[in-house]
Amino acid sequence: RERKDRLVESLLGRASPVEAKYLVKIMIGEMRTGFQEGLMELAVSRAFSTPLELVQKASMLTGDIGEVAYLLKEHGEAALSKLGLRLMRPLKPMLAQMAESPREAIEEHGGETAFEYKLDGARIQIHKVGEKVKVFSRRLTDVTDSLPEIVQAVREGVKAHEAVLEGEVIAVGRDGHPLPFQHLMRRFRRVYEIEKMLREIPVKLYLFDLLYVDGESLIDEPYLERRNRLSRVVEGIPLTEQLVTGNPAEAERFFRKALEEGHEGLMAKRLDSPYKPGVRGKHWLKIKEPLEPLDLVITAAEYGYGRRHGWLSDYYLAARDEETGEFLVVGKTFKGLTDQEIIEMTERLKRLAIMEEGNRVVVKPEIVVEVAYNEIQKSPKYKCGMALRFARITRIRDDKSPEEVDTIQKVRKIYEKQFEKKARL
DNA sequence: CCTGATGCGTC
DNA sequence: GTCGGAC
DNA sequence: GTCCGACGACGCATCAGG
């Protein structure tokens, strides 16, 4: 510790003020310069006089802009052009945009599309060469060791010598129903006691894409072709439930069925779309449905950072306990308000301030907001034992008084209702 | 050796 | 992961 | 349309400090 202190001290001592500022920013990992991978790709493209598209493509394929720059410097443009999908080296996953409804997805995709169940788990990319299997997470970290049963399933169920596959891993209960997402997290990046947890929380793989098989890259093949090849290459590993349709009513029924079975919603995939690594576009759409909105009261707020400096932009949301009359926090959010609304909210909250400690201002419970969210999780952090997942403000309810906000008892009822569709540990 | 805080990844 | 804002 | 930063919930690993 002392050695570290001294090293940092001497480094900063030798730096100019501006250098010191950025050294500290690097050390604490808060750059906030607006400079991220997008601009870096542009910079690399200019530095080596290489077309931007080529740099972007290579960046997506390797998932590593540093490596792209290195390749360009050492081997030139030719090395990038012949860069393809490489076994045991993960590529960035293709991402989806939001859509409101199955109908909207059908229209966006030109009259017909492929719907798949969207499972509430973790995305994985699997590389197989013979008996050797590697499993990568969404951000391309190697999670092979945490998921031995997935490795085993792939060895047994993928009937190809070489393959790159994508799927979702979820935690499942004894009845086969999905467990809430938080249980999966107990398995996902675990290094210790893997064997013990393996029995406690079983995980299950559902495959949905095939990017490479026995020497052949499929990423430029259309979705339907990849999906067909996938179904022919696996045995005994389930694929995500799928329905190809142009009928909005049929699609809507499929959506309801997915939700009824405890899943998150649907994906809609354009039938002729190639696999575009790292791209969040309209080829893939995700459709979810929030739970019934809650009216909650703001009991405290925190000052924001960066562009939100000086504004109370992060709000504690509370429900009323009808037994004690107390307001109990069920989550925090900074999402949903526009800059203008945050400024106005800051003024109102300052007038209601009761106590200020550090970055946090405790306020008189008075301002009521409507809040959307996707799940109620069991919480080790909040007193009431529950927390909203992905909470965001959808409306300021100036027509409601704090006495009229929803109760903890109602929140608990919604929490319990989730287990009609999901498994319990 | 144990515990609470922090870091980092999943969503 | 969601959302609003900048370009 | 795309990128970016503003930060939410968990849970495990790791670290600092008693």
Side-chain angles (χ1 to χ4, degrees), chain A residues 1-5 27-42 52 56 93 95-98 108 118-124 135-143 145-147 168-171 178-194 197 201 203 264-265 276 278-283 286 288 290 301-317 329-343 359 371-382 385-394 415:
Chain A
R1 168 73 204 250
E2 262 177 49
R3 204 168 55 83
K4 285 184 190 166
D5 280 352
M27 283 186 274
I28 64 172
E30 299 210 5
M31 293 304 286
R32 283 193 295 229
T33 51
F35 188 99
Q36 279 218 7
E37 213 162 85
L39 257 186
M40 192 66 203
E41 285 165 357
L42 188 58
L52 179 59
Q56 286 173 333
L95 304 168
Q97 275 186 26
M98 206 68 159
E108 182 65 44
K118 185 177 193 310
L119 311 182
D120 190 10
R123 177 96 172 256
I124 57 173
V135 182
F136 299 98
S137 71
R138 169 155 171 181
R139 287 190 205 172
L140 316 186
T141 58
D142 188 331
V143 293
D145 292 342
S146 305
L147 305 167
E168 186 90 358
V169 46
I170 61 169
L179 281 163
F181 175 78
Q182 60 192 146
H183 295 304
L184 174 70
M185 289 291 94
R186 302 192 56 199
R187 285 292 313 276
F188 205 61
R189 283 187 326 136
R190 177 172 284 279
V191 229
Y192 305 109
E193 301 189 292
I194 292 172
M197 293 308 290
I201 305 174
V203 297
E264 206 179 12
K276 288 196 163 285
V279 173
R280 187 186 296 278
K282 295 203 163 187
H283 286 326
K286 54 182 165 184
K288 304 193 196 182
E302 279 170 9
Y303 283 100
Y305 294 87
R307 53 177 271 99
R308 291 181 162 191
H309 179 80
W311 298 343
L312 285 168
S313 57
D314 203 1
Y315 312 111
Y316 288 79
L317 308 165
V329 177
V330 292
K332 245 175 117 187
T333 189
F334 59 94
K335 291 192 278 263
L337 299 188
T338 62
D339 284 1
Q340 189 53 44
E341 287 172 317
I342 295 172
I343 290 168
N359 201 33
V371 177
Y373 57 95
N374 288 46
E375 191 191 3
I376 301 175
Q377 293 178 299
K378 185 172 169 58
S379 170
K381 174 168 142 185
Y382 293 120
M386 301 177 291
L388 307 184
R389 178 147 81 132
F390 310 144
R392 61 264 186 195
I393 294 173
T394 45
Y415 172 74

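Below, chain A is the first sequence line, B the second, and so on; all start at residue 1. Worth saying up front: this structure is predicted, and the values here are computed from it rather than measured. No hydrogens, no waters, no symmetry mates; every other heavy atom, side chains included, goes into these values.
- Mapping Gly281(A) and Asp314(A) onto DNA chain D via the closest heavy atom, the residue that lands nearer the 5' end is Gly281(A).
- Look at Lys381(A) and you won't find any side-chain N or O under 4.0 angstrom from OP1 or OP2 of dG8(D).
- If you check every strand for non-hydrogen atoms under 4.0 Å, Glu341(A) touches nothing.
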For nucleotides 5-7 of chain C, which of its nitrogen or oxygen atoms have a protein nitrogen or oxygen under 3.5 Å away, and what is each distance?
residue, atom, partner, partner atom, Å
dG5(C), OP1, Asp339(A), N, 2.9

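- In this structure Glu108(A) satisfies the salt bridge (charged side-chain N to carboxylate O under 4.0 Å, His left out) test together with Lys282(A), sequence neighbours excluded.
- Of the side-chain N and O atoms in Lys286(A), none sit less than 4.0 angstrom from OP1 or OP2 of dC11(B).
- Out of dT10(B), dT14(D), dC7(D), the shortest distance to the side chain of Tyr192(A) is found at dT14(D).
- Protein atom CZ of Phe390(A) is 13 Å distant from nucleotide atom C1' of dC7(D), rounded to whole Å.
- The residue Ala391(A) sits apart from the nucleic acid: no heavy atom pair falls under 4.0 Å.
- For the OP1/OP2 pair of dT10(B) and a distance below 4.0 Å, the side-chain nitrogens and oxygens of Gln182(A) include no atom meeting the criterion.
- In terms of the side-chain hydrogen bond (donor to acceptor under 3.5 Å, both in side chains) criterion, Asp145(A) has no residue partners (sequence neighbours excluded).
- Residues that satisfy the salt bridge (charged side-chain N to carboxylate O under 4.0 Å, His left out) test with Lys332(A), not counting sequence neighbours, are Glu302(A), Asp314(A).
- Atom-to-atom, CG of Asp120(A) to P of dC10(D) comes out at 15 Å; the value is rounded to the nearest Å.
- Partners of Glu193(A) under the side-chain hydrogen bond (donor to acceptor under 3.5 Å, both in side chains) rule, at least two apart in sequence or in another chain, do not exist in this structure.
- Taking atom C1' in both dC11(B) and dC7(D), the straight-line distance is 14 Å, to the nearest Å.
- When the side-chain nitrogen and oxygen atoms of Lys332(A) are compared with OP1 and OP2 of dG8(D), one or more of them lie within a distance under 4.0 Å.
- Contacts classified as salt bridge (Lys or Arg N to Asp or Glu O under 4.0 Å) and involving residues 178-189 of chain A (residues at least two apart or in different chains) are given here: Glu149(A)-Arg187(A).
- Taking the salt bridge (charged side-chain N to carboxylate O under 4.0 Å, His left out) definition, one finds that Arg123(A) meets it with Glu166(A), sequence neighbours left out.
- For the pair Arg389(A) and Phe181(A), the cation sits on the ring face: its NZ or CZ lies under 6.0 Å from the ring centre, inside 45° of the axis.
- Taking a 4.0 Å limit (strictly below) on heavy-atom distances, residues 183-191 of chain A reaches DNA chain B at Met185(A), Phe188(A), Arg189(A).
- A search for side-chain hydrogen bond (donor to acceptor under 3.5 Å, both in side chains) contacts involving Glu264(A) returns Lys118(A), Lys288(A), not counting sequence neighbours.
- At dC10(D), none of the side-chain N or O atoms of Lys378(A) fall inside 4.0 Å of OP1 or OP2 (strictly under the cut-off).
- Side-chain N/O atoms of Lys282(A) include one lying less than 4.0 angstrom from OP1 or OP2 on dG1(D).
- In terms of phosphate contacts, Ser379(A) brings no side-chain nitrogen or oxygen within less than 4.0 Å of OP1 or OP2 of dA9(D).
- Using modelled atom types, one side-chain atom of Thr333(A) and one backbone atom of Ala391(A) make a donor-acceptor pair closer than 3.5 Å.
- For Arg389(A), the side-chain atoms get nearest to dC11(B) when compared with the rest of dT2(D), dC11(B), dT2(C).
- Between Met197(A) and Arg280(A), the one whose closest nucleotide on DNA chain D sits nearer the 5' end is Arg280(A).
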